[in-house]
Trainee: 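Structure provided below as structure tokens; questions to follow.
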Amino acid sequence: MPRAIVLHRGDNVATLIDTGQSGETCTLQGESAGEVVLLQAVPFGHKVCVRATPAGGDILKYGQVIGRAARALAVGEHAHVHNVESARGRGDLAEGRP
Amino acid sequence: MTRTFLGYPRANGAVGVRNHVAVISVMDNCNPVTRAICQAVDMTLPVTTLFVRGQYGHDLEVAFNTLAGMGRNPNIAAVLLVGLEEQTTEEVARRIRPAGKPVESINLQPHGTINAVAEGTRRALKLALAASAARRAPCPVSSLLVGVECGGSDTTSGLTCNPTIGAMADRLVGDGGSVIISETSEFLGAEHLFAARAADQAVGKAFVEAVTRLEREAVSRGMDIRGTNPTQDNIRGGLTTIEEKALGAMAKAGTTPLRSVLAYGEAPAGKGLHFMDAPAPAVENLTAMAAAGCQLIFFGTGVGNPIGNMVAPTVKVCGNVNTLRTMADNIDFDASAILEKGSKAGSVGERLYDFAIEVASGTRTTSELLDVRETAISRFAPTI
């Protein structure tokens, strides 16, 4: 069973420290416990959403904001550059930065 | 009891962890002669550079100071400068002399390549013979200035190698030593946490200004730094945003107060933890650390970045089990016990501190033995 680490109680993502296949149950460890069923394959070192997050919501890791949800994220979903975006160093958003 | 390592005490009170003769190019057109001399004489270290010719103002000052800083580094017993002409060579030489070590120079004009290589080789031989008389002696760890870097990062970096390096940094600072963390762009998203550790308000303000200046620059140019930082290999390794990378990168600095903010290649005036405002890419960042006087560098990596510094031995620390297998020849210290055996970063960092003392005493690193080392001085303005 693939393992994923939650670094802070308030985090909505966990980091896999094994490779996870779609449909596999992932064990949470660290600052949280429990299991999450992976909705997609999640590579080693990538993150899985452990708490449903609306579009635009903060993504929290280490108890800190690491970006925002580009669209709604479901529990078990692979959270990465396709659905999470940085809020820093964004010259492309310089006009009317949100 | 004061912890010690076996180092090379220098005339100015500094301590080297290596004992090389640096052959330093004053500008790019001298590099072939520098390399030829180093091929001929053992104990020499080629410190080559690109540009310098045609640089001016602040940009040229940075180049001269960085070249000279590497010459002043306590790992260097003596310096042979290889220049094109006397005046520019003297600009670098006069910045090294205060360190109290032999500084000689050879210029290509009017000698030509063959004579410059011949005369440079003779001088390098004399310098190396004299330097070889130095012996290691017990020296306090408080004489160590250590750079902490990361490159080829992934999500294991913030969980394993970087906190391990941070625990080692805390131990070193606790024993009276000094640490430099740098890579300004890799504080975007973590700067509020690091600024809170500033020893006083002025230091905190200077640090936040450095990060803000960099972000403002990116935004004013309409740049989206995504894809550049985090890099494509960072992203493959699971790092999604610069904020996530920064929070993991900051772990290298341990937990001690931030004492000062340094310019590119600037040596810290006091002990403890310092921040250097410098570009993040490893080669130019490590070059700045060596110029600041770091005798050793600890380099955390996740997906793997082999490069080391020429002057400051670079210890590669990795906690990614896959990289430890596929890039074993580029890793010096295994921090994977944190994820694989549930070890605490504090105890793995304790082992890294022991290893630091071994490397400072002469144990070689993979980047030294494989000679995967490079020098690059950052450019801040165009050449004319």
Side-chain angles (χ1 to χ4, degrees), chain A residues 2-8 10-20 27 29-31 40-49 53 58-71 73 77-98, chain B residues 153-160 163 184-193 211-212 214-230 232-251 302-303 319-323 336 338-340 342:
Chain A
R3 303 162 295 166
I5 294 190
V6 179
L7 296 170
H8 189 277
D11 289 358
N12 49 7
V13 290
T15 305
L16 268 79
I17 55 170
D18 295 300
T19 299
T27 317
Q29 53 180 242
E31 297 303 312
Q40 300 93 24
V42 179
F44 174 94
H46 287 224
K47 292 175 291 300
V48 59
C49 175
T53 305
D58 285 339
I59 303 297
L60 295 160
K61 181 183 170 185
Y62 302 104
Q64 299 287 325
V65 177
I66 63 161
R68 59 195 163 208
R71 55 177 174 74
L73 293 179
E77 201 171 342
H78 180 203
H80 203 21
V81 290
H82 61 285
N83 54 18
V84 174
E85 64 173 13
S86 171
R88 302 296 301 271
R90 294 291 301 275
D92 58 323
L93 301 178
E95 299 299 324
R97 250 180 104 183
Chain B
S153 298
D154 65 15
T155 51
T156 70
S157 300
L159 301 178
T160 60
T184 310
S185 64
E186 301 189 358
F187 278 91
L188 282 175
E191 70 269 43
H192 57 297
L193 301 174
V211 179
T212 308
L214 181 136
E215 187 171 27
R216 205 183 308 126
E217 167 99 3
V219 170
S220 71
R221 290 206 226 157
M223 294 190 299
D224 172 4
I225 68 168
R226 290 178 302 172
T228 300
N229 208 343
Q232 293 304 323
D233 54 317
N234 295 154
I235 291 170
R236 271 199 302 282
L239 288 171
T240 305
T241 64
I242 184 64
E243 297 94 313
E244 181 184 14
K245 185 176 173 181
L247 289 161
M250 194 183 72
V303 285
N320 179 325
V321 285
N322 301 317
T323 306
S336 65
I338 294 172
L339 293 182
E340 297 309 311

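Below, read A as the first sequence line, B as the second, and so on, with proteins coming before strands; counting in each chain starts at 1. Heavy-atom basis, side chains included; hydrogens, waters and symmetry copies ignored.
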Trainee: Please determine, among E85(A), H80(A), Q64(A), H78(A), the option with the most heavy-atom pairs under 4.5 Å with chain B.
Mentor: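 Counting heavy-atom pairs under 4.5 Å, the top option is H80(A).
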Trainee: Tell me, for L7(A) versus chain B, whether the close heavy atoms (under 4.5 Å) come from the side chain, the backbone, both or neither.
Mentor: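 For L7(A), side-chain heavy atoms alone lie under 4.5 Å from chain B.
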Trainee: Among side-chain atoms of T240(B) and K47(A), is any donor-acceptor pair under 3.5 angstrom?
Mentor: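 T240(B) vs K47(A): donor-acceptor pair found between side chains.
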Trainee: What part of R216(B) lies closer than 4.5 angstrom to a heavy atom of chain A: side chain, backbone, both or neither?
Mentor: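 When you check distances to chain A, no heavy atom of R216(B) falls under 4.5 Å.
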Trainee: What residues form a side-chain hydrogen bond (donor to acceptor under 3.5 Å, both in side chains) with R71(A), not counting sequence neighbours?
Mentor: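 R71(A) satisfies side-chain hydrogen bond (donor to acceptor under 3.5 Å, both in side chains) with E77(A) once adjacent residues are dropped.
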Trainee: Need one label for I59(A): side chain, backbone, both or neither, based on atoms under 4.5 Å from any heavy atom in chain B.
Mentor: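 No part of I59(A) comes within 4.5 Å of chain B.
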Trainee: How long is the span from the OG atom in S86(A) to the CG atom in N229(B), to the nearest 0.5 Å?
Mentor: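 Going from the OG atom of S86(A) to the CG atom of N229(B) covers 9.5 Å.
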Trainee: With rounding to the nearest 0.5 angstrom, report the CD to CG distance, E244(B) to L60(A).
Mentor: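 Answer for the CD-CG pair, E244(B) versus L60(A), is 12.0 Å.
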Trainee: If you tally heavy-atom pairs under 4.5 Å against chain B, which of H82(A), Q29(A), R3(A) wins?
Mentor: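 The residue among H82(A), Q29(A), R3(A) with the greatest pair count is R3(A).
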Trainee: Going by heavy atoms in the side chains, are K61(A) and T155(B) under 4.5 Å from each other?
Mentor: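 A side-chain contact under 4.5 Å exists here.
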Trainee: Using non-hydrogen atoms and a 4.5 Å limit, figure out which bit of L193(B) sits close to chain A: side chain, backbone, both or neither.
Mentor: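 Just the side chain, heavy atoms under 4.5 Å.
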Trainee: Sub-3.5 Å donor-acceptor pair from the side chain of T241(B) to the main-chain atoms of G67(A), do we have one?
Mentor: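 Looks like no, no N/O pair under 3.5 Å.
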Trainee: Report yes if the side chains of V321(B) and F44(A) come closer than 4.5 Å at any heavy-atom pair, otherwise no.
Mentor: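 A side-chain contact exists here, since the closest heavy-atom pair is under 4.5 Å.
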Trainee: Please look at V65(A) and chain B and tell me whether the side chain, the backbone, both or neither of the residue comes under 4.5 angstrom of a heavy atom of that chain.
Mentor: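 Answer is backbone: N, CA, C or O of V65(A) sit under 4.5 Å from chain B.
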Trainee: Taking R90(A) for the side chain and A218(B) for the main chain, is one N or O donor matched with an acceptor at less than 3.5 Å?
Mentor: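 A pair under 3.5 Å: no.
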Trainee: I'd like to know if E243(B) pairs up with R68(A) as an ion pair, taking the criterion as any Lys NZ or Arg NE/NH1/NH2 lying under 4.0 Å from an Asp or Glu carboxylate oxygen.
Mentor: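 The answer is no: the pair does not qualify as a salt bridge.
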Trainee: Would you mind telling me which of V303(B), I242(B), L339(B), T156(B) has the largest number of heavy-atom pairs within less than 4.5 Å of chain A?
Mentor: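 The option with the most such pairs is L339(B).
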